[in-house]
Structures are given as C-alpha cells and as structure tokens.
> 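Take this structure first; my questions come after.
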Amino acid sequence: MIFPRIYSLGDNAVTVEFGNQINETINNQCIAFTGSLTEQNFRWLKDIIPAYTTVTLIYDTISTKRIAKNETAFSFVRETIVEMIKNIQPATALSMRKITVPVCYHESLAPDLNEFAATKNCSIQQIIELHTSKTYRVYLLGFLPGFPYMGTVDPLLNMPRKKTPHLKIAAGSVGIAGLQTGIYPLDSPGGWNIIGQTPLQLFDPAKTGPVFFHPGDEVQFECITLESFHQQKKCS
Amino acid sequence: LSIRIIHNGISDTIQDAGRYGFAASGINPGGAMDLVAMQVANLLAGNNKDEAAIEMHFPAAVFHFTEPCLIATSGADFNMHVNDQPLPLNTPIIIAAGSIVECKKLRSGARCYLAVHGGFDIQPWLNSYSTNLKANAGGFNGRSFKKEDILTIHHSPFTTHNSPLTILPWHADVSAFYEQPQTIRILPGNEFDQLTECAATIFQGNSFTINSQSDRMGYRLNGIALERNELDEMISSAVTKGTIQLLPSGQLIVLMADHQTTGGYPRLGHVISADIPKLAQASAGTAINFEMTDHITAEQVLMQQQLHLQQLENALTFRNQHLFQPA
C-alpha cells in the first residue's frame with residue numbers, strides 16, 4: 001500500500017492515511033498535516049480529527065459543493081489535500097511539550113492493580129517502576145473530551161481491555177489497554193485496567209482551552225504517595 | 001420571560017447544529033439528531049434556522065410558559081397539547097401567558113423539536129449551545145431538564161401583548177425529507193472490502209432491526225451476523241455521524257450525534273447526510289435496509305434538501321413579516 005492514501009469517510013468527510021502502524025514518525029506527519037490544515041483556515045472545513053495514523057477532514061458539504069461547481073464536493077476536497085501533501089514539510093520541527101503527571105498507585109485508587117500484578121506474576125512495585133520508567137507520547141485525544149491515548153508501555157505491561165467494563169471509573173484514573181496507557185478525564189464507564197489515579201484535572205469546561213493534553217505531548221508519570229495525592233487534589 | 005419545567009421527561013436537551021472545531025481535543029460535535037426537523041421548527045418560529053431548540057424524547061417534559069410566545073414543533077409526532085387543546089406539528093402557534101405545553105402520546109417518530117421565537121437566554125460552550133451530557137457542558141447547565149428548572153427566553157414581540165392561543169394558518173410540508181423511511185442510503189466505508197462476499201450481499205440485501213439499546217450515541221442493529229475475511233485489529237481512526245461499524249459479534253452499530261470522535265471497529269459504510277433525518281426519527285423495532293449509492297447522488301439529494309429548506313425559509317420570511325411589525 002502506498003502512503004499517504006486518501007479515502008472517503010461518507011459524504012462530509014475525507015481521511016488521509018499516512019501509514020499503517022503506530023509510531024512517532026507517522027504520528028508526527030498527522031500532527032504536522034493537522035497544523036497546516038488549521039493554518040489554511042478553509043471556510044468549508046468544519047473540523048479536523050487527527051488520530052494515530054490518519055487525519056480526517058469534516059467538511060460542510062453544501063458550501064463545498066457550491067465552490068466545487070461541476071465536480072463533487074468530495075473530489076474538490078480530495079484534490080485540495082493532494083495539493084497540500086505535495087508541499088508538506090517533513091515534520092521534524094515539532095515542539096513537543098514535556099509534561100510530568102503525578103500518579104498515585106495506591107490500591108484505594110487502583111481497582112485493577114492487584115489483579116494486574118497477579119496476572120503478570122510480578123509485584124505492584126515492579127508495575128509502578130515499569131510504568132514510570134519511560135516517557136509516553138500523546139498520539140491523539142478521543143473517546144472522551146481530553147482523553148489521551150498514550151503509548152507505548154513496556155511489553156510486560158501489555159494487558160487486554162477488561163471483558164466486563166467498570167460501570168464507573170473516577171476522573172483522573174490511569175489505565176492500560178493493550179500497549180496503550182490513558183487517563184480518564186471524567187467519571188465514565190470503561191474497560192481499561194485501572195492502575196492508579198492522577199490528582200490533575202484534565203478537563204475543565206469553564207476554561208477556554210478545556211483539555212489538558214495535546215497530540216504530540218511527551219508524558220512522564222511520577223509516583224506520588226496517597227497523602228501527596230490528596231494534598232494536590234485539594235489544590236487543583 | 002421564562003419556561004418552567006413542571007415535569008421532566010426522559011431526555012429533553014437543548015441542541016443546535018453542533019459543536020465543530022474541537023474533535024482534536026476529543027470533543028464530539030453532538031447537536032440535533034434530526035437537524036432538518038430542528039431547522040424547520042426554528043424557521044416556523046421565525047428564528048434563524050440554526051438557533052438552539054429543545055430536543056424531546058417521549059415521554060417529554062411538561063412546560064409552563066409565563067409569557068405569550070410564538071412556538072413551533074417539528075419532527076416526531078408526540079400529540080402535543082396546549083392547555084388540553086391538540087396542536088398541529090410543523091405549524092407556528094402563538095400561545096398565551098400561563099400556557100401549559102405537554103406531549104400526550106407517541107404517535108410516530110422518535111424526536112420532536114420545540115423552537116421558541118427569540119431563542120433561549122443561555123451561554124454557549126465552545127461556540128455551540130448543544131448539550132454534551134458526557135462532559136456536563138453546553139445547553140442548559142450541561143444536562144437534560146429537571147422538574148422546576150427555569151429556562152429564560154429572549155424578549156420577543158409576542159411577550160409584549162397578551163393574545164389568546166392562535167394557530168397560524170400556514171404550515172411546512174416536510175414529507176420530502178422522510179420519504180421511504182426504511183431505505184437508508186450509504187457510501188462504502190474503508191473496511192467494507194473486508195467483508196466476505198456472502199456478508200457483503202447480506203449487508204446490502206437484508207434488513208436490520210434497530211434494537212432497544214439505541215440512543216443519541218448510536219443505534220445497535222439486530223440482523224444476521226456478518227463475517228470478515230481479515231481478522232486483524234485495526235488502528236483507531238476517525239468516525240462520524242452515520243458511520244456503520246461492525247462489532248466483534250458480527251452485529252452492526254450506526255453512530256449518531258453523540259458518537260465518539262474515533263473508533264477501532266471496521267467501518268462498513270456511512271449513511272448519507274440527507275438520510276440522517278429519517279434515521280434519527282426511526283425508533284427501536286424499525287427494520288431498515290442499506291442501499292449503496294455514490295457521492296454524486298449523495299450530494300445531489302442533499303442539495304435538493306437544502307433548496308427545499310431555502311424555499312421554506314423564503315416563504316416563511318414573507319408570511320411572518322406582518323407578525324414582527326411593532327403593534
């Protein structure tokens with residue numbers, strides 16, 4: 001398959017696919033392309049959905065069709081993308097934010113930690129060490145407002161989603177699903193294995209920028225005590 | 001100048017044309033499930049077509065209007081009554097101060113839109129009045145209406161003089177938007193080719209029934225389980241309103257207004273924009289058929305709908321002129 005590849009996602013969306021695996025190079029291309037689309041400020045473009053390997057343009061079909069005249073709105077958008085891709089700069093100069101996220105791995109905040117350790121036949125301390133031993137990239141935000149899909153965790157922490165999802169996961173809960181790690185910004189049902197909780201508030205609708213993370217952020221988890229968790233929770 | 005909620009319904013929320021521009025933050029567009037019905041109700045009530053309106057599900061809330069108002073409803077037929085007098089859908093109505101508006105019976109459809117002339121005095125969140133229930137933001141305090149809520153409405157010419165209940169002598173013909181309600185036209189999805197030949201035939205030839213676990217997030221369908229040739233997991237990517245996903249069980253889900261921004265299930269197809277209103281009005285138990293079409297047709301039908309709405313807007317602007325002149 002040749003990348004980038006462009007395909008239709010219905011009569012009001014077009015997707016550009018930059019590759020077929022989860023890695024930073026491909027994700028950088030997505031972030032860079034999202035940036036140049038945002039700069040273009042096309043009036044017919046309603047929204048942009050960047051993901052691991054793809055960027056999707058949501059367009060206003062009616063106004064696009066009016067500009068497109070005799071061709072379809074779809075081919076107009078596709079041609080616009082083809083032109084943009086020709087001129088795309090290699091995504092080397094991305095300014096990555098480095099963020100330290102405090103996480104308390106106390107069992108009162110980590111409903112799945114004991115089972116996780118038992119399944120992996122290792123100690124809770126080993127899980128904490130592995131989880132905090134490397135930095136993770138925020139590949140995309142999705143699922144819930146401000147939910148960061150981060151990766152990838154040490155292969156030893158690879159754990160499928162729970163067969164029976166939790167009915168309520170507390171806001172701030174840190175979870176693992178496959179090789180991904182993520183944080184629930186709001187109380188929500190969900191199937192990720194919860195191994196800790198951050199006192200940070202990741203979603204605040206009252207703020208102008210209501211979400212904490214952006215695609216491309218580099219995240220380092222830092223283990224904190226339960227006491228420190230409660231203290232920081234009070235402050236945030 | 002307000003509406004008081006006397007009884008709450010199962011889910012009555014403020015919605016508009018949706019919240020766009022924030023998908024990169026994981027914030028989905030939301031908005032009216034049946035955008036056409038919301039727009040028709042607004043036009044009849046003398047509003048801009050994308051003004052925020054109340055989206056009601058049955059049983060719906062009971063509303064008490066403190067002042068006279070020009071209102072209109074469109075979409076599902078909930079047998080709306082004002083002070084026990086039945087009211088027609090798709091018709092502008094001037095109601096008197098102290099009127100009680102309630103829905104008595106679910107006759108057809110799934111969602112009814114109530115528009116009030118002048119609109120509601122609420123704050124937008126991220127450029128939209130749509131209620132995002134998951135985020136508890138937008139609309140009326142980020143939630144559906146509860147008993148004793150008070151929703152303030154903007155001042156309008158109708159709040160200045162007290163008139164009796166008046167059903168205005170014109171209405172909107174919306175039948176063209178909902179023709180052949182069981183046939184849902186789709187464009188092929190990126191993973192459609194993963195279906196076995198047999199499954200592809202079933203997908204396009206058989207009917208699928210909307211099951212009761214269907215809501216603003218999506219419609220789950222019951223039908224013959226569909227099989228794929230490839231069993232690789234796909235990397236999560238964008239989905240939109242109308243995306244038809246194949247679940248691991250072989251059953252289908254059609255994503256609706258409150259869908260997530262991304263998903264990891266194969267996307268077999270996408271409902272064309274022009275057929276979303278009729279799908280939004282299909283209730284649990286309805287059998288639907290998917291019919292493959294192309295971009296040219298999808299856009300043509302949407303432009304026809306747009307023309308129809310524009311004609312309605314022009315006609316109503318002319319009709320409503322005398323209503324808005326100072327008394």
Side-chain angles (χ1 to χ4, degrees), chain A residues 5 7-13 15 17 19-22 31 34 38 45-58 60-62 64-66 68 72-75 139-149 178 180 185-188 203-206 208-211 213-215, chain B residues 17-29 125-126 132 134-138 142 185-190 232-244 260-264 267 269-276 293-303 305-307 309:
Chain A
R5 191 173 76 91
Y7 62 84
S8 152
L9 200 78
D11 64 6
N12 67 346
T15 297
E17 187 178 26
N20 53 5
Q21 39 188 312
I22 298 179
I31 295 171
T34 301
T38 310
L45 185 61
K46 291 174 80 176
D47 215 339
I48 309 168
I49 314 178
Y52 284 108
T53 60
T54 59
V55 176
T56 298
L57 293 79
I58 308 292
D60 182 90
T61 313
I62 291 158
T64 312
K65 174 67 188 142
R66 282 181 188 141
T72 58
F74 168 64
S75 46
Y139 280 98
L140 69 139
L141 301 176
F143 170 48
L144 290 170
F147 184 104
Y149 284 86
Q180 308 170 103
L186 322 162
D187 290 349
S188 163
F203 175 70
D204 181 359
T208 321
V211 304
F213 292 110
H214 302 301
Chain B
R19 178 174 292 110
Y20 287 92
F22 302 93
S25 298
I27 297 169
N28 71 352
W125 178 57
L126 305 178
N132 186 321
K134 255 194 185 153
N136 283 310
R185 287 165 289 188
I186 63 170
L187 295 174
N190 191 49
D232 289 354
E233 279 223 6
M234 84 176 236
I235 300 173
S236 282
S237 183
V239 292
T240 67
K241 188 170 166 183
T243 296
I244 305 164
Q260 298 172 193
T261 49
T262 56
R267 299 157 296 186
H270 304 275
V271 176
I272 67 170
S273 302
D275 283 356
I276 294 277
T293 185
D294 54 29
H295 276 97
I296 294 175
T297 313
E299 292 183 14
Q300 231 165 31
V301 187
L302 188 66
M303 294 308 276
Q305 275 197 356
Q306 184 58 27
L307 183 67
L309 273 173

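Here is the naming used below: chain letters follow the sequence lines, and residue numbers restart at 1 for every chain. Below, each value reflects all heavy atoms present in this structure, side chains not excepted, and no hydrogens, waters or symmetry copies. Note that the coordinates shown come from a computational prediction; the quantities given were computed from them, not determined experimentally.
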> Using non-hydrogen atoms and a 4.5 Å limit, figure out which bit of A:I48 sits close to chain B: side chain, backbone, both or neither.
backbone
> Using side-chain heavy atoms (C-beta onward) and a distance below 4.5 Å, is B:I27 in contact with A:V211?
yes
> Nearest 0.5 angstrom please: A:T15 OG1 to B:R267 CZ, how far?
6.0 Å
> OG of B:S273 to CG of A:D60: how many Å apart, nearest 0.5 Å?
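Nearest 0.5 Å value for the OG-CG distance: 9.5 Å.
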> Kindly compute the distance separating CD1 (B:I186) from CG (A:D11), expressed to the nearest 0.5 Å.
12.0 Å
> For A:R5, check side chain to side chain contact (heavy atoms under 4.5 Å, CB included) against everything at least two apart and list the hits.
A:M1, A:F3, A:Y7, A:E17, B:N190
> Would you compute the distance between atom CD1 of B:I235 and atom CG of A:L140 and round it to the nearest 0.5 angstrom?
11.0 Å
> How are the rings of A:F74 and B:H295 set relative to one another: parallel (under 30°), tilted (30 to 60°) or perpendicular (over 60°)?
parallel
> Non-hydrogen atoms of chain B under 4.5 Å away: do they reach the side chain of A:L186, the backbone, both or neither?
side chain
> What's the spacing between B:I272 CD1 and A:N12 CG if we round to 0.5 Å?
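Taking CD1 in B:I272 and CG in A:N12, the distance rounds to 11.0 Å.
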> Tell me, for A:P148 versus chain B, whether the close heavy atoms (under 4.5 Å) come from the side chain, the backbone, both or neither.
neither
> Under 4.5 Å from any heavy atom of chain B, what part of A:A73 do you find: side chain, backbone, both or neither?
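Both backbone and side chain.
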> Measure distances from A:L45 to the heavy atoms of chain B and classify the residue's part below 4.5 Å as side chain, backbone, both or neither.
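Contact with chain B involves no heavy atom of A:L45 at all.
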> Chain B heavy atoms under 4.5 Å from A:D187: which part of the residue, side chain, backbone, both or neither?
neither
> Is A:T64 close to chain B through its backbone or its side chain, or both, or neither, when contacts mean heavy atoms under 4.5 Å?
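No part of it gets close to chain B.
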> Report yes if some heavy atom in the side chain of B:H270 is under 4.5 Å from a heavy atom in the side chain of A:L9; otherwise report no.
yes
